[in-house]
Novice: 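My questions all concern the structure below.
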Amino acid sequence: MDSETAAARIRAAIRAIPKGQVAGYGEIARRAGLPGRARLVARLLSENEDAKLPWHRVLRSDGRIAFPEGSKGYREQSQRLRAEGVTVEKGRVRGQRAAATLDSQIWGPAD
DNA sequence: CTGATGACTGATA
DNA sequence: CTATCAGCCATCA
């Protein structure tokens with residue numbers, strides 16, 4: 001598939017994250033049919049700042065925000081998450097832990 | 001072509 | 001718990 005389709009799939013996967021829930025970069029990529037492209041997901045978000053995309057619901061595999069604590073992006077993301085009822089503590093989302101947990105919480109354990 | 005870079009990941013110590 | 005390190009993929013100088 002071309003990069004256009006890949007990007008579209010990724011955006012769709014991100015939009016599929018329910019409000020108040022979160023998912024990991026790797027899980028988004030896998031859900032989009034692009035296993036191993038976690039960095040591609042990250043790159044898309046860094047370039048396409050689409051206000052319609054719930055990019056703030058995308059976290060790293062360890063459940064942490066991808067930005068360094070205190071940075072602009074960090075504050076932006078943590079604030080948006082809290083606005084949806086997600087508890088963020090020291091850059092980490094409460095209730096979510098490892099990669100396997102992130103996605104299974106919103107899309108189910110297996111696929 | 002080669003090496004550097006990055007909103008990444010998993011394994012090890 | 002944190003710190004390294006080696007993979008990883010796409011892009012760019």
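Computation of the quantities below employed the complete heavy-atom set of this structure, encompassing side-chain atoms and omitting hydrogens, waters and symmetry-equivalent molecules. Note that the structure is predicted; figures quoted are calculated from it, not measured.
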Novice: Return the value, rounded to whole Å, for the distance between atom CG of A:Leu59 and atom P of B:dA7.
Specialist: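 Atom CG in A:Leu59 sits about 15 Å away from atom P in B:dA7.
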
Novice: Keeping the roles fixed (side chain from A:Arg57, backbone from A:Ile17), state whether a donor-acceptor pair exists under 3.5 Å.
Specialist: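 Yes; at least one donor-acceptor contact below 3.5 Å.
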
Novice: Regarding A:Arg39, tell me which of base, sugar-phosphate or nothing describes its non-hydrogen contacts under 4.0 Å with the strands shown.
Specialist: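 Base contact - A:Arg39 has a heavy atom under 4.0 Å of at least one base atom.
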
Novice: Quick one: CG on A:Leu53 to CG on A:Leu44, what's the gap to the nearest 0.5 Å?
Specialist: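 CG of A:Leu44 is found 8.5 Å from CG of A:Leu53.
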
Novice: When you measure from the side chain of A:Arg60, which nucleotide among C:dT11, B:dA7, B:dT9 comes out closest?
Specialist: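 Closest nucleotide to the A:Arg60 side chain: B:dT9.
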
Novice: Look at the side chain of A:Gln77 and the backbone N and O of A:Val58, then say whether any donor-acceptor pair between them is shorter than 3.5 Å.
Specialist: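 Yes; judged by distance alone, with no hydrogens or angles, the pair exists.
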
Novice: Measure from CE on A:Met1 to C1' on C:dC9 and round the result to the nearest Å.
Specialist: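 Between C1' of C:dC9 and CE of A:Met1: 15 Å.
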
Novice: Verify, without hydrogens or angle tests, whether A:Tyr74 (side chain) and A:Gly91 (backbone) share a donor-acceptor contact under 3.5 angstrom.
Specialist: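 Yes; at least one donor-acceptor contact below 3.5 Å.
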
Novice: Should C:dA6 form a Watson-Crick or G-U wobble pair with both distances under 3.5 Å, which nucleotide is its partner?
Specialist: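 Here C:dA6 is engaged in a pair, and the nucleotide opposite it is B:dT9.
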
Novice: In whole angstrom, what separates A:Leu45's CG from C:dA10's P?
Specialist: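 Taking CG of A:Leu45 and P of C:dA10, I get 16 Å after rounding.
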
Novice: Please report the distance separating the P of C:dG7 from the corresponding atom of B:dA7, rounded so that it comes out in whole Å.
Specialist: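 Going atom to atom, P in each nucleotide, I get 22 Å.
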
Novice: What is the separation between atom CG on A:Leu40 and atom P on B:dG6, rounded to the nearest whole Å?
Specialist: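 Interatomic distance, CG of A:Leu40 to P of B:dG6: 17 Å.
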
Novice: Between P on C:dC1 and NZ on A:Lys90, what's the gap in Å once rounded to a whole number?
Specialist: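 Value for this atom pair: 12 Å.
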
Novice: How long is the line joining CZ of A:Phe67 and P of B:dG6, in whole Å?
Specialist: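 Value for this atom pair: 13 Å.
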
Novice: Map A:Arg64 and A:Glu47 onto DNA chain C by nearest heavy atom, then report which one ends up closer to the 5' terminus.
Specialist: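 It is A:Arg64 whose nearest nucleotide is closer to the 5' end.
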
Novice: Could you give the CG-to-P distance, from A:Leu34 to B:dC8, as a whole number of Å?
Specialist: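 Between P of B:dC8 and CG of A:Leu34: 17 Å.
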
Novice: With a 4.0 Å cut-off on heavy atoms, is A:Gly26 in touch with a base, just the backbone sugar-phosphate, or nothing at all?
Specialist: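 It contacts sugar-phosphate atoms only.
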
Novice: Do the side-chain N or O atoms of A:Arg37 get closer than 4.0 angstrom to the phosphate oxygens (OP1, OP2) of C:dA10?
Specialist: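 Indeed, a polar side-chain atom of A:Arg37 lies that close.
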
Novice: Rounded off to whole Å, could you give me the CZ-to-P distance for the A:Arg75 and B:dA7 pair?
Specialist: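 Nearest whole value for this atom pair: 16 Å.
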
Novice: Can a side chain N or O of A:Ser61 be found less than 4.0 Å away from OP1 or OP2 on B:dG10?
Specialist: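 So the side chain of A:Ser61 is within the cut-off, an N or O lying under 4.0 Å from OP1 or OP2 of B:dG10.
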
Novice: Examine distances only and state if a side-chain atom of A:Arg9 and a backbone atom of A:Arg31 form a donor-acceptor pair shorter than 3.5 Å.
Specialist: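 No.
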
